[in-house]
Novice: 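The structure is given below, and queries will be raised subsequently.
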Amino acid sequence: MTRSQVKCEADMKVVVLGGGVIGVSTAWALLRQGAEVTLVDRQNGVAMETSFANAGQVSPGYSTPWAAPGIPLKALKWLFQTHAPLAIRPDGTLFQWRWMAAMLANCSADRYAVNKERMMRLSEYSRDCLRAWRSETGIAYDARSQGTLQLFRSQAQLDAAARDVAVLQECGVPFELLDAAGVVGAEPALASASAPIAGGLRLPNDETGDCHVFTRRLAELACAQGMTLRGGCTVQALQGDGQRITGVRVVSSAGGEGELLQADAVVLAAGSYSRDLLLPLGLDIPVYPVKGYSLTMPLRDASLAPQSTVLDETYKIALTRLGDRLRVGGMAELAGFDLSLNPRRRATLEKVTRELFPGGDLAQAQFWTGLRPMTPDGTPLVGATPLRGLYLNTGHGTLGWTMACGSAQLLADVISGRQPAIRTEGLDMSRYGARGVTSHPSRLAAA
């Protein structure tokens with residue numbers, strides 16, 4: 001593959017802000033279309049924050065909005081449970097409450113169906129893009145293509161799966177609705193589980209893999225193709241004339257004066273930090289940091305470990321086989337930008353591990369937390385903004401790894417003027433109004 005295979009505008013310079021899986025994938029897709037790309041991240045290396053230790057799922061079939069019928073009542077119950085999948089701690093901002101109110105407004109059956117279709121449309125396409133890139137590059141990242149399994153501990157959970165099954169059927173996504181014996185047949189180690197098993201929903205086309213390894217290796221390939229990586233750089237401001245963005249002012253963590261990186265296009269893929277970069281421009285997007293946790297441990301007994309990913313519906317925790325390691329991740333805290341490690345969350349992850357797959361060596365587990373950038377309706381923001389030259393690729397929530405390659409390819413097509421391979425309706429920020437969720441006077445930095 002050469003950069004000349006597909007061309008952007010002649011000598012188009014693009015600056016991508018954010019070195020997670022979304023930003024690196026975007027840079028790669030733009031390089032493939034002939035753009036000159038500079039990737040900026042405040043960390044010295046790529047995939048050092050949210051993409052570092054996520055649950056490892058590439059799961060289009062489980063691309064489901066958190067905002068769903070019945071969630072408000074469940075959320076109230078979770079607030080009083082020891083091992084609840086959701087915790088809310090006021091962060092002192094009005095935005096947190098506005099975001100939660102917007103999420104509650106999306107909990108109707110009608111909004112759920114619309115949002116799930118948008119998410120699945122992008123996720124299915126993204127998995128196809130990932131497979132194509134893997135074939136083209138030979139990139140290795142502990143990938144497995146053995147499907148994923150949603151585990152139901154109760155009959156009520158199994159019955160409630162009918163809503164998701166209807167959407168899967170409508171979208172033409174293969175699935176298997178399994179009884180307890182079928183669950184054990186799909187994941188033999190669950191025969192030794194101490195937790196009750198009522199059934200499961202298996203998505204045979206879903207995949208797994210190490211997002212951190214994928215992102216690092218894709219960045220290496222991108223640099224070999226001509227990408228400039230500017231690590232250890234903080235964005236000071238987006239520069240422009242009030243109508244379009246013309247560059248980015250950055251400062252190195254090593255010190256010194258700020259530097260202006262001029263660009264024909266700027267892609268904001270800064271995850272949970274994207275909103276703060278947009279506010280000075282008069283744009284307000286509803287992207288909130290939802291804190292998640294994970295444990296990564298070596299396998300002590302491979303016969304007591306999953307073959308792929310098992311998602312425990314009760315605790316909203318995914319357990320994923322990554323080579324000779326087990327990754328256990330999930331839960332959600334609405335607590336602003338707090339990155340402290342809560343021992344109560346570790347206890348929940350350990351409890352689920354012991355109950356389902358005790359083959360992991362918990363004594364050697366590494367405890368991690370990261371902030372997922374989430375929108376109230378679950379669908380990310382991928383596309384143009386009202387300011388010419390400024391594009392968004394953020395708000396993927398818990399599905400950044402699942403949606404990364406497709407979001408990147410779609411946005412590269414939009415920037416280069418090509419017709420995207422899937423419908424883009426409902427994917428960009430226009431669904432929240434002309435300038436986002438609220439209106440601010442523009443304070444765009446002068447070039």
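Only a predicted model underlies this, so the values are computations on that prediction, with no experimental measurement involved.
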Novice: Out of Met119, Met403, Arg121, His396, which residue meets the side-chain contact (heavy atoms from CB on, under 4.5 Å) rule with Thr379?
Specialist: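 Only one of Met119, Met403, Arg121, His396 forms a side-chain contact (heavy atoms from CB on, under 4.5 Å) with Thr379, namely Met119.
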Novice: Are Asp206 and Val58 close enough, and set up right, to give a side chain to side chain contact (heavy atoms under 4.5 Å, CB included), and what steps lead you there?
Specialist: CA-CA 6 Å; Asp206 284 2; Val58 179; over 6 Å; no
Novice: Salt bridge between Lys116 and Glu170, side-chain N to carboxylate O under 4.0 Å?
Specialist: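 Salt bridge flag = no for Glu170 with Lys116.
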Novice: Taking Arg321 for its side chain and Gly323 for its backbone only, find out whether a donor-acceptor pair lies under 3.5 Å.
Specialist: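 Yes: the side chain of Arg321 pairs with the backbone of Gly323.
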Novice: Examine distances only and state if a side-chain atom of Thr26 and a backbone atom of Ile22 form a donor-acceptor pair shorter than 3.5 Å.
Specialist: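 Yes: the side chain of Thr26 pairs with the backbone of Ile22.
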Novice: I'd like to know if Arg325 and Asp361 make a salt bridge, using a cut-off of under 4.0 Å between side-chain N and carboxylate O.
Specialist: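 No salt bridge links Arg325 with Asp361.
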Novice: To the nearest 0.5 Å, what is the distance between CG on Leu311 and OH on Tyr62?
Specialist: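 Rounded to the nearest 0.5 Å, the CG-OH separation comes to 7.0 Å.
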Novice: Any non-hydrogen side-chain atom of Val213 less than 4.5 Å from a side-chain atom of Thr215?
Specialist: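 A side-chain contact under 4.5 Å is absent here.
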Novice: Closer than 3.5 angstrom, by distance alone: can the side chain of Ser51 be matched with the main-chain N or O of His212 as a donor-acceptor pair?
Specialist: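 No, Ser51 side chain to His212 backbone: no donor-acceptor pair under 3.5 Å.
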Novice: Rounded to the nearest 0.5 Å, how far apart are OH of Tyr125 and CG of Leu130?
Specialist: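 Going from the OH atom of Tyr125 to the CG atom of Leu130 covers 12.5 Å.
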Novice: In terms of ring plane angle, is the pair Tyr288 and Phe95 parallel, tilted or perpendicular, where the classes change at 30° and 60°?
Specialist: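 If you compare the ring of Tyr288 with that of Phe95, the planes turn out tilted.
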Novice: Which heavy atom of Leu277 sits nearest to which heavy atom of Ala270, and what is that distance?
Specialist: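 Taking every non-hydrogen atom into account, CD1-CB, 4.2 Å.
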Novice: Quick one: list whatever passes ring pair (Phe, Tyr, Trp, His ring centres under 6.0 Å) with Phe175, sequence neighbours left out.
Specialist: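 With sequence neighbours excluded, Phe175 shows a ring pair (Phe, Tyr, Trp, His ring centres under 6.0 Å) to no residue whatsoever.
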Novice: Would you compute the distance between atom OG of Ser63 and atom CG of Asn115 and round it to the nearest 0.5 angstrom?
Specialist: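 Rounded to the nearest 0.5 Å, the OG-CG separation comes to 12.5 Å.
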Novice: Tell me if a side-chain donor or acceptor on Asp428 pairs with a main-chain N or O of Gly383 at a distance below 3.5 Å.
Specialist: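 Pair absent, no side-chain N/O of Asp428 close to backbone of Gly383.
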Novice: Less than 4.0 angstrom from a charged side-chain N to a carboxylate O is my criterion; do Asp284 and Arg275 meet it?
Specialist: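 Yes.
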Novice: Would you mind listing every salt bridge (charged side-chain N to carboxylate O under 4.0 Å, His left out) that reaches into residues 44-65, with sequence neighbours excluded?
Specialist: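 Listed by first then second residue: Arg42-Glu49.
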Novice: To the nearest 0.5 Å, tell me how far Asn44 CG sits from Arg230 CZ.
Specialist: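 The CG atom of Asn44 sits 12.5 Å away from the CZ atom of Arg230.
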Novice: Heavy atoms, side chains only, cut-off 4.5 Å: are Gln409 and Pro420 in contact?
Specialist: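 Of all side-chain heavy-atom pairs linking Pro420 with Gln409, none is under 4.5 Å.
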Novice: Answer whether the closest heavy-atom distance between the side chains of Trp97 and Pro90 falls below 4.5 Å.
Specialist: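 A side-chain contact under 4.5 Å exists here.
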Novice: With heavy-atom distances below 4.5 Å as the criterion, would you say the side chains of Ile317 and Leu349 are in contact?
Specialist: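 Yes - at least one pair of side-chain heavy atoms lies under 4.5 Å apart.
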Novice: Find out whether Val37 and Thr228 are in side-chain contact, i.e. whether some heavy atom of one side chain is under 4.5 Å from a heavy atom of the other.
Specialist: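 No, side chains not in contact.
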Novice: Give, for atom OG1 of Thr353 and atom CG of Leu319, the distance between the pair rounded to the nearest 0.5 Å.
Specialist: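 CG of Leu319 is found 5.5 Å from OG1 of Thr353.
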Novice: Any donor and acceptor pair, going by atom type alone, linking the side chain of Thr348 with main-chain N or O of Arg344 inside 3.5 Å?
Specialist: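 Yes: the side chain of Thr348 pairs with the backbone of Arg344.
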Novice: Checking Phe214 now: which residues fulfil ring pair (Phe, Tyr, Trp, His ring centres under 6.0 Å) with it, not counting sequence neighbours?
Specialist: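 Ring pair (Phe, Tyr, Trp, His ring centres under 6.0 Å) list for Phe214, sorted by chain: Tyr141, Trp401.
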Novice: Quick check: closest heavy atoms across Ala384 and Tyr391, and the distance to 0.1 Å?
Specialist: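 Nearest heavy atoms, Ala384 then Tyr391: CA-CD2, 3.6 Å.
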Novice: When Glu207 is tested against each of Arg144, Gln146, Arg134 for side-chain hydrogen bond (donor to acceptor under 3.5 Å, both in side chains), which residue passes?
Specialist: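 Of Arg144, Gln146, Arg134, side-chain hydrogen bond (donor to acceptor under 3.5 Å, both in side chains) with Glu207 is met by Arg134 alone.
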Novice: Distance from Leu411 atom CG to Leu392 atom CG, nearest 0.5 Å?
Specialist: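 Leu411 CG to Leu392 CG: 8.5 Å, rounded to 0.5 Å.
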Novice: Spell out, as yes or no, whether a donor-acceptor pair under 3.5 Å connects the side chain of Thr402 to the backbone of Ser59.
Specialist: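 Yes.
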Novice: Does a side-chain heavy-atom distance below 4.5 Å link Met297 with Leu362?
Specialist: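 Met297 reaches Leu362 side chain to side chain.
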Novice: Check the orientation of Trp28 and Trp133. Use parallel for under 30°, tilted for 30 to 60°, and perpendicular for over 60°.
Specialist: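 Ring orientation, 0 to 90° scale: perpendicular.
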Novice: Test side chain to side chain contact (heavy atoms under 4.5 Å, CB included) on Thr320 and Leu326 and set out the steps.
Specialist: CA-CA 6 Å; Thr320 300; Leu326 178 62; 5.8 Å; no
Novice: What do you reckon, is CD of Gln262 surrounded by more than 12 foreign heavy atoms closer than 6.0 Å?
Specialist: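 No, the 6.0 Å shell around CD holds no more than 12 heavy atoms from other groups.
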Novice: Restricting to non-hydrogen atoms, name the atom on Pro174 and the atom on Leu203 that form the minimum distance, rounded to 0.1 Å.
Specialist: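 Taking every non-hydrogen atom into account, O-CD1, 3.3 Å.
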Novice: Heavy atoms only: give me the nearest Ser272-Phe337 pair and the separation to one decimal.
Specialist: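 Taking every non-hydrogen atom into account, O-CZ, 3.6 Å.
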Novice: Any donor and acceptor pair, going by atom type alone, linking the side chain of Ser407 with main-chain N or O of Ala404 inside 3.5 Å?
Specialist: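 Not confirmed, Ser407 side chain does not pair with Ala404 backbone.
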Novice: Please, which pairs that meet salt bridge (charged side-chain N to carboxylate O under 4.0 Å, His left out) have at least one residue in residues 71-90, sequence neighbours excluded?
Specialist: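 For residues 71-90, and leaving out neighbouring residues, the salt bridge (charged side-chain N to carboxylate O under 4.0 Å, His left out) pairs sorted by first residue read Arg89-Glu333, Arg89-Asp338.
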Novice: Which residues satisfy the salt bridge (charged side-chain N to carboxylate O under 4.0 Å, His left out) test with Asp312, sequence neighbours excluded?
Specialist: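 Asp312: salt bridge (charged side-chain N to carboxylate O under 4.0 Å, His left out) contacts with Arg153.
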Novice: Any chance you could lay out the side chain to side chain donor-acceptor pair (under 3.5 Å) test for Thr208 and Gln57, step after step, and finish with the verdict?
Specialist: CA-CA 5 Å; Thr208 58; Gln57 299 168 263; over 6 Å; no
Novice: Checking side-chain polar atoms at under 3.5 Å, does Asn205 have a donor or acceptor matched by the opposite partner on Glu124?
Specialist: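 Distance-only check fails for Asn205 and Glu124.
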Novice: Donor-acceptor pair, Ser126 side chain versus Cys405 backbone, under 3.5 Å?
Specialist: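 Looks like yes, one N/O pair under 3.5 Å.
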Novice: Under the side chain to side chain contact (heavy atoms under 4.5 Å, CB included) rule, what do Ile88 and Met100 come out as? Steps first, then yes or no, please.
Specialist: CA-CA 10 Å; Ile88 300 173; Met100 288 192 293; 3.9 Å; yes
Novice: Can you confirm whether Val290 sits close enough to Trp66 that some side-chain heavy atom of one is under 4.5 Å from a side-chain heavy atom of the other?
Specialist: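 A side-chain contact exists here, since the closest heavy-atom pair is under 4.5 Å.
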Novice: Measure from the side-chain N and O atoms of Lys291 to the backbone N and O of Ser340, and report whether any donor-acceptor pair falls under 3.5 Å.
Specialist: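 Here the side-chain-to-backbone pair exists.
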Novice: Just by distance, do the side chain of Thr394 and the backbone of Gly271 share a donor-acceptor pair under 3.5 Å?
Specialist: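 Between the backbone of Gly271 and the side chain of Thr394 there is a qualifying donor-acceptor contact (under 3.5 Å).
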Novice: Can you tell me if Gln81 has over 12 outside heavy atoms packed within less than 6.0 Å of its CD?
Specialist: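 Check passes, neighbour count above 12.
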Novice: Is there a side chain to side chain donor-acceptor pair (under 3.5 Å) between Thr148 and Thr309? Walk through the geometry before answering.
Specialist: CA-CA 5 Å; Thr148 54; Thr309 286; over 6 Å; no
Novice: Is the shortest side-chain heavy-atom distance between Leu427 and Leu381 below 4.5 Å?
Specialist: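 No - every pair of side-chain heavy atoms lies 4.5 Å or more apart.
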Novice: So which pairs with a foot in residues 367-393 pass salt bridge (charged side-chain N to carboxylate O under 4.0 Å, His left out), sequence neighbours left out?
Specialist: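 Listed by first then second residue: Asp377-Arg431.
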Novice: Do Arg202 and Gln150 have a side chain donor and acceptor closer than 3.5 Å?
Specialist: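 There is no such pair (donor and acceptor under 3.5 Å, judged by atom type) between the side chains of Arg202 and Gln150.
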Novice: In sequence, state the C-alpha distance, the side-chain angles, and the governing distance for Val266 and Leu17, and then conclude on side chain to side chain contact (heavy atoms under 4.5 Å, CB included).
Specialist: CA-CA 7 Å; Val266 174; Leu17 304 179; 4.0 Å; yes
Novice: Within a reach of under 6.0 Å around CD of Glu259, are more than 12 heavy atoms found that belong to other residues, nucleotides or ligands?
Specialist: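 Correct, the count exceeds 12.
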